[in-house]
Protein chains: 2
Amino acid sequence: MKRARSYSRVTKQALSIFGKLIKAGRLEHKLTATELSERAGITRRTLRNIENGEAGSEIGTVFEVAALVGVRLFDVDERTLATHNAHLEEKLTLLPKSVRHRKQEVDDDF
Amino acid sequence: MKRARSYSRVTKQALSIFGKLIKAGRLEHKLTATELSERAGITRRTLRNIENGEAGSEIGTVFEVAALVGVRLFDVDERTLATHNAHLEEKLTLLPKSVRHRKQEVDDDF
DNA sequence: TTTTAATGGGCCTTAAATTACTCAAATCAG
DNA sequence: CTGATTTGAGTAATTTAAGGCCCATTAAAA
């Protein structure tokens with residue numbers, strides 16, 4: 001039950017970038033860490049973890065903070081998000097609902 | 001210490017999209033939920049939370065799962081991540097290290 | 001330069017997420 | 001269609017992140 005996660009380099013890089021984007025956004029908006037954390041409803045401590053690119057924070061919290069300082073997710077504006085979502089929804093309905101493996105060996109392309 | 005967070009619409013949309021991208025990626029790679037969760041070192045339950053766009057999972061875990069099924073963060077490939085990171089690092093050194101508010105009222109553009 | 005707000009980090013408590021089962025419903029392969 | 005696999009869901013126990021406090025250091029403003 002030990003968790004002791006390890007993260008790939010891509011993940012670490014992405015987290016680091018995300019944190020820096022948020023910090024830069026905060027500074028550009030001239031917000032102190034305390035101010036931003038209060039607006040986000042978290043503590044200064046948690047905000048610092050996020051800005052430092054630590055892996056443990058809740059994704060909802062991180063996205064919320066990002067939105068507060070103008071860091072866009074998926075490089076699209078708010079309106080476009082809904083469109084993307086709908087499109088993905090449709091795509092999912094076209095894909096099989098579950099994955100089944102054949103009895104016979106199938107060449108796994110991994 | 002009650003948390004009971006609330007999330008903005010943008011955040012919810014982004015989470016929903018992210019979850020769907022991951023699920024679509026998993027299906028396209030023909031991985032079962034169990035298989036992907038094992039590769040990510042999490043339980044099937046946690047994976048479902050992520051695919052359902054719930055806000056509570058750790059961002060590191062979500063990014064890791066995303067990477068496993070080929071969902072790109074920031075729409076860039078792995079090599080470019082390092083470049084982005086370095087560029088941001090430089091940008092941060094140019095910004096003030098801390099934000100100070102003047103005694104006199106300053107017109108807050110918020 | 002001086003002042004003092006802002007940041008960084010440690011530590012303990014508490015609430016929430018993850019885990020680890022189990023079972024039912026859905027759905028795909030044969 | 002049928003059967004076996006996959007997924008969806010609920011619960012309790014465990015692990016962990018967030019909260020909240022403190023103090024030291026840094027750095028922007030006067």
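Only heavy atoms go into these numbers, but all of them, side chains included; no hydrogens, no water, no symmetry mates. Letters A, B, ... are given to chains in the order of the sequence lines, protein chains preceding strands, and every chain is numbered from 1. Keep in mind that what you see is a predicted model, and the values were worked out from it rather than measured.
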Task: Residue of the set B:T34, B:L31, B:L36, B:L27 for which side chain to side chain contact (heavy atoms under 4.5 Å, CB included) holds with A:V99 - done: B:L27
Nearest-Å distance, [atom1] ([X]) to [atom2] ([N])?
{"X": "A:E35", "N": "C:dA5", "atom1": "CD", "atom2": "C1'", "result": "11 Å"}
{"X": "B:L36", "N": "D:dT6", "atom1": "CG", "atom2": "C1'", "result": "14 Å"}
{"X": "B:R45", "N": "C:dA20", "atom1": "CZ", "atom2": "C1'", "result": "11 Å"}
{"X": "A:N49", "N": "D:dG20", "atom1": "CG", "atom2": "P", "result": "15 Å"}
{"X": "B:L47", "N": "C:dA17", "atom1": "CG", "atom2": "P", "result": "17 Å"}
{"X": "A:L15", "N": "D:dA17", "atom1": "CG", "atom2": "C1'", "result": "15 Å"}
{"X": "B:E54", "N": "C:dA17", "atom1": "CD", "atom2": "C1'", "result": "11 Å"}
{"X": "A:L92", "N": "D:dG8", "atom1": "CG", "atom2": "P", "result": "11 Å"}

Open item on the list: Assuming nearest nucleotide by heavy-atom distance, tell me which of A:P96 and A:R26 is located more 5' along DNA chain C.
Closed with: A:R26
- [ ] Identify, between B:R44 and A:T34, the residue whose nearest nucleotide on DNA chain C lies closer to the 5' end.
- [x]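 By nearest-heavy-atom nucleotide position, the 5'-most residue is A:T34.
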Open item on the list: Counting C-beta onward and ignoring hydrogens, is there a side-chain heavy-atom pair between B:S37 and B:E35 closer than 4.5 Å?
Closed with: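 No, too far: nothing below the 4.5 Å cut-off.
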Open item on the list: Are A:R26 and A:L68 packed together at the side-chain level, in the sense that at least one heavy-atom pair is separated by less than 4.5 angstrom?
Closed with: no
TODO: Using heavy atoms to find the nearest nucleotide of DNA chain D for A:G56 and B:L27 separately, return the residue whose nucleotide is more 5′.
DONE: B:L27
Task: Toward the 5' end of DNA chain D, by each residue's nearest nucleotide, A:S57 or B:A33 - done: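 Here B:A33 is the residue nearer the 5' end.
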Task: Nearest heavy atoms of A:A40 and A:V65, plus distance in Å - done: CB-CG2, 3.7 Å
Picking from [options], which would you name as closest to the side chain of [X]?
{"X": "A:T32", "options": "D:dA29, C:dT7, D:dT7", "answer": "C:dT7"}
{"X": "B:R102", "options": "D:dT11, C:dG8, D:dA29", "answer": "D:dA29"}
{"X": "A:H101", "options": "D:dT6, C:dA17, D:dG8", "answer": "D:dT6"}

Distances under 3.5 Å only, N/O to N/O: pair up the protein atoms with those of nucleotides 24-26 of chain D.
none

Task: Result of checking B:H84, B:H87, B:E89 against A:K20 for side chain to side chain donor-acceptor pair (under 3.5 Å) - done: B:E89
Open item on the list: Does D:dG19 have OP1 or OP2 under 4.0 Å away from a side-chain N or O of B:R5?
Closed with: yes
TODO: Answer yes or no: does a side-chain N or O of B:K30 lie under 4.0 Å from OP1 or OP2 of C:dC28?
DONE: no
TODO: Examine A:I22 and A:V76 and state if one hydrophobic cluster contains both, with Ile, Leu, Val, Met, Phe, Trp and Tyr joined whenever side-chain heavy atoms are less than 4.5 Å apart.
DONE: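 Per the 4.5 Å side-chain linkage, A:I22 and A:V76 are co-clustered.
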Open item on the list: Membership question, hydrophobic clusters at under 4.5 Å side-chain separation (ILVMFWY): are B:V71 and B:I59 in the same one?
Closed with: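 Yes: a chain of side-chain contacts under 4.5 Å links B:I59 to B:V71.
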Open item on the list: Parallel, tilted or perpendicular: which one describes the rings of B:F63 and B:F74, with boundaries at 30° and 60°?
Closed with: perpendicular
- [ ] For A:G41, report the nucleic acid contact type (base, sugar-phosphate, nothing); a contact means any heavy atom under 4.0 Å.
- [x] sugar-phosphate
